[in-house]
Amino acid sequence: MINRGGDIQNARVRFAPSPTGRLHLGSARTALFNWLVARGSGGAIILRLEDTDKERSSEEFERDIMESLRWIGLDWDEGPDVGGGYGPYRQSERMGIYPEYAARLLEEGRAYRCYCTPEELKERKNAAVGEGRAWRYDRKCLGLTEEERALLEAQGRPYAVRFRVPEGEVTVNDVLRGEVKVDASEIDDFIIMRSDGRASFHLAVVVDDITMEVTHVIRGDDHLTNAVRHVLLFTALGAEPPMFLHHSLLMGIDGTKLSKRHGATSVSDYRDMGYLPQALVNYLALLSWSPGNDREIFTPGELVEEFSVGGVSAGKAIFDLDKLNWLNRQHMKALSDSELTDLVIDHLDQSFPRQKLEIAVASVRNGMETLADIEKQPLDIYVQPAGKLSEKSLKELEKSPDLKEALGLLVSTFRKYPSNDMATAEGIVVELRQEAKERGWKAKTVLWPFRLAVTGQTVGPDLTYLIMFWGPGGCADRVEATMRTLEERDE
RNA sequence: GGCGCAUUCGUCUAGCCUGGUCUAGGACGCCGCCCUCUCAAGGCGGUAACAGGGGUUCAAAUCCCCUAUGCGCUACCA
């Protein structure tokens, strides 16, 4: 699909989640697009909590949403916690302002009272559907006579307020999809005030966007048809509709909307699983957005720099864990040993002195694609007592050629080096290779026993790290311990 | 059912607006090779797509129409 949206200037955008669950990846993606547009256009981003559904909303989720957003590096200029000139930013605290807008619409004849009960509506709807007719609200209450209305009022019948959808064609201006035109006759007279006096979602959103002076509404594709209703409301309220950008929805690998069935779906889940926030953001951005060249790795700052709505595609977006894993690995590579060690500590149950831990982490880091992968690394070799070998290692050792001489060479070489640093460690390995060559051995003849004798295991980190961890002397001790083990075994 | 949106390798996408340079490019995954003390990582190579059908045109992934499929909306949910 072709999208050559012009650059957006000074956009005032909002991210409006309902705190009915932890921040979903899909919501995070919406938030990211909003943030990118705000930051990239020199505008502002508002965090607005749509918490009118008291049953399902909770403070805990509210906290998770804000923490998750901050964790992935998104901030906001106005919101429930930071305030701003257009507050309050919690919809539950704005309930007082909607009725006046409904009243205005009522006065102007753009809305009307509907006394139909949900039961009556259901009945008429079923009847219509039963006859194979499309059901739209039948405007029964729009046609009420004065007497009928007076009677209903006298009975104290509760009423909802319906928007009177005008005739004509409605156009939604969408950055990605151009002008989406829908005939208003497709839309029925939707409710803007419930019979209990609370504003409906549609009214609340539009009033909020008007009063908060939102210029660009960036949200999921599922709201595209709702946008038609919203444009109608903006117009009826005398406001210029904002520009819309309805991005595609995030789907699971089977093509259905990403949900719990697909596994972890919330940002905090991914934090706990050991993903880096910059990797997650990078991945979410790359779903539907492309810089137009082959670049894939971006820090959040670079995304702001490179992002343009013209690079956003309108097509579906399927969440692919493999690619996230790869990106996470790329971002982990960018961390220093020290930084990685700091991050990995939370996922580790063993404890080492800091210095040792850093070496240990450095030695296994290329085997990790998430921070949590530290648990799967063979760190236990570092706590294994000297001279204790696995059965498999013992067997490998025993069938190794020129074993005695090789072990002797190891000890004598290690003993030559009192200092312990990277250069020394690397030097030792080079020297061992050299020695092997001179004896007409394959490198393996001495290096394989090295690994087995020092760690007691057949798999583990590069030899250089082993030297750094125990020091050359420590390695010599461990080889000697292994020699004793072998002797005992012979007896 | 009605309306809307979408449709390039399995997945994310480049290309589409401004038709030819596309025997369709990149990335993930997968497969193979190399490297190698182990496991990895890394390097190199391979696999694989314009949903289908009609037009328009000298020429279509690119423009138009139809069909199919997927998704969404169609609530006194948000």
Side-chain angles (χ1 to χ4, degrees), chain A residues 1-4 16-18 20 50-53 55-57 91 114 116-118 121-122 125 129 132-136 158-162 172 174 176-177 180-183 185-188 190-196 198 200-202 204-205 220-229 246 248-249 251 253 255-257 283 286-296 310-311 313-327 329 333 364-368 377-378 393 396 400 429 432-433 442-452 455 457-463:
Chain A
M1 197 58 207
I2 319 134
N3 310 296
R4 274 293 123 78
S18 13
T20 54
E50 307 209 328
D51 59 345
T52 50
D53 189 340
E55 302 287 289
R56 296 191 298 147
S57 299
Q91 219 163 51
C114 173
C116 300
T117 65
L121 289 169
K122 202 169 189 180
K125 178 177 178 177
V129 173
R133 301 196 322 264
W135 162 259
R136 246 167 246 132
Y159 62 85
V161 178
R162 281 185 189 273
V172 175
D174 190 283
L176 296 189
R177 300 157 210 277
V180 177
K181 295 180 194 296
V182 175
D183 197 289
S185 63
E186 295 295 336
I187 309 294
D188 66 355
F190 56 95
I191 285 172
I192 55 177
M193 289 290 277
R194 300 187 185 88
S195 51
D196 64 2
R198 289 154 57 226
S200 75
F201 161 73
H202 299 298
V205 165
D221 191 24
D222 49 342
H223 285 296
L224 184 56
T225 0
N226 285 332
V228 174
R229 295 180 178 79
H246 291 97
S248 60
L249 260 21
M251 307 295 213
I253 195 70
T256 62
K257 208 164 154 180
Y283 179 64
L286 244 34
L287 269 175
S288 313
W289 174 77
S290 158
N293 53 43
D294 293 341
R295 176 126 93 114
E296 307 252 24
S313 66
K316 65 187 183 329
I318 292 177
F319 185 79
D320 177 25
L321 193 61
D322 284 331
K323 184 118 186 195
L324 205 213
N325 284 334
W326 177 77
L327 272 170
R329 177 166 251 147
K333 272 188 193 162
V364 299
R365 59 179 293 167
N366 76 354
M368 299 162 54
Q377 300 308 309
S393 304
E396 284 287 321
S400 186
V429 176
L432 287 171
R433 284 179 191 285
K442 288 193 278 188
K444 186 173 183 168
T445 305
V446 63
L447 297 183
W448 190 219
F450 176 167
R451 147 150 283 113
L452 300 167
T455 69
Q457 299 293 324
T458 52
V459 301
D462 286 349
L463 300 174

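Protein chains get the first letters and strands the later ones, always in sequence-line order, with residue 1 at the start of each. Computed from a prediction, not measured in an experiment: that's the story for all the values here.
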In whole angstrom, give the distance that lies between atom CD of A:Gln457 and atom P of B:A40. 16 Å
Can you tell me the pairing partner of B:G32 across any strand shown, Watson-Crick or G-U wobble, with both distances under 3.5 angstrom? B:C44
Could you please name the partner base of B:G20, counting Watson-Crick and G-U wobble pairs only when both distances are under 3.5 Å? B:C58
Where do A:His246 and A:Leu224 come nearest, in terms of heavy atoms and distance? ND1-CD1, 3.4 Å
Send over the distance from A:Lys316 NZ to B:U7 P, rounded to a whole Å. 8 Å
Could you tell me the Watson-Crick or G-U partner of B:U38, where both distances fall under 3.5 Å? Say none if there is no partner. none
Across all strands shown, which nucleotide pairs with B:C5 by Watson-Crick or G-U wobble geometry, both distances under 3.5 Å? B:G70
Separation of atom CZ in A:Arg365 from atom P in B:G42, rounded to whole Å: 12 Å
Reading nucleotides 69-78 of chain B from the 5' end, what letters show protein touch, with B for base, S for backbone sugar-phosphate only, - for no heavy atom under 4.0 Å? --SSSSSBSB
Can you measure A:Leu176 atom CG to B:A6 atom P for me and round it to whole angstrom units? 9 Å
Mind calculating the distance between CG (A:Leu447) and P (B:C39) to the nearest angstrom? 14 Å
With a 3.5 Å limit on both atom pairs, tell me what B:U11 is paired to, counting Watson-Crick and G-U wobble, or say none. B:A27
Which heavy atom of A:Leu324 sits nearest a heavy atom of A:Phe319, and at what distance? CD1-CZ, 4.0 Å
Heavy atoms only, 4.0 Å cut-off, all strands: where does A:Leu287 land among base, sugar-phosphate and nothing? sugar-phosphate
Summary of protein contacts for nucleotides 19-30 of chain B, nucleotide by nucleotide, where a base hit scores B, a sugar-phosphate-only hit scores S (4.0 Å, heavy atoms): -------SBSS-
B:C3 to B:C50 separation - P atoms, rounded to the nearest Å: 30 Å
Could you tell me how far apart A:Phe319 (CZ) and B:U13 (P) are, to the nearest whole angstrom? 13 Å
Under 4.0 Å between any heavy atoms, over every strand shown, what does A:Gly460 touch: base, sugar-phosphate, or nothing? Just pick one. base
Across the strands shown, which category fits A:Asp183 at heavy-atom distances under 4.0 angstrom: base, sugar-phosphate, nothing? nothing
5'-most by nearest nucleotide on RNA chain B - A:Val182 or A:Ser248: A:Val182
Send over the distance from A:Tyr283 OH to B:U11 P, rounded to a whole Å. 12 Å
Nearest whole angstrom, please: distance from the C1' of B:U11 to the CG of A:Leu286. 12 Å
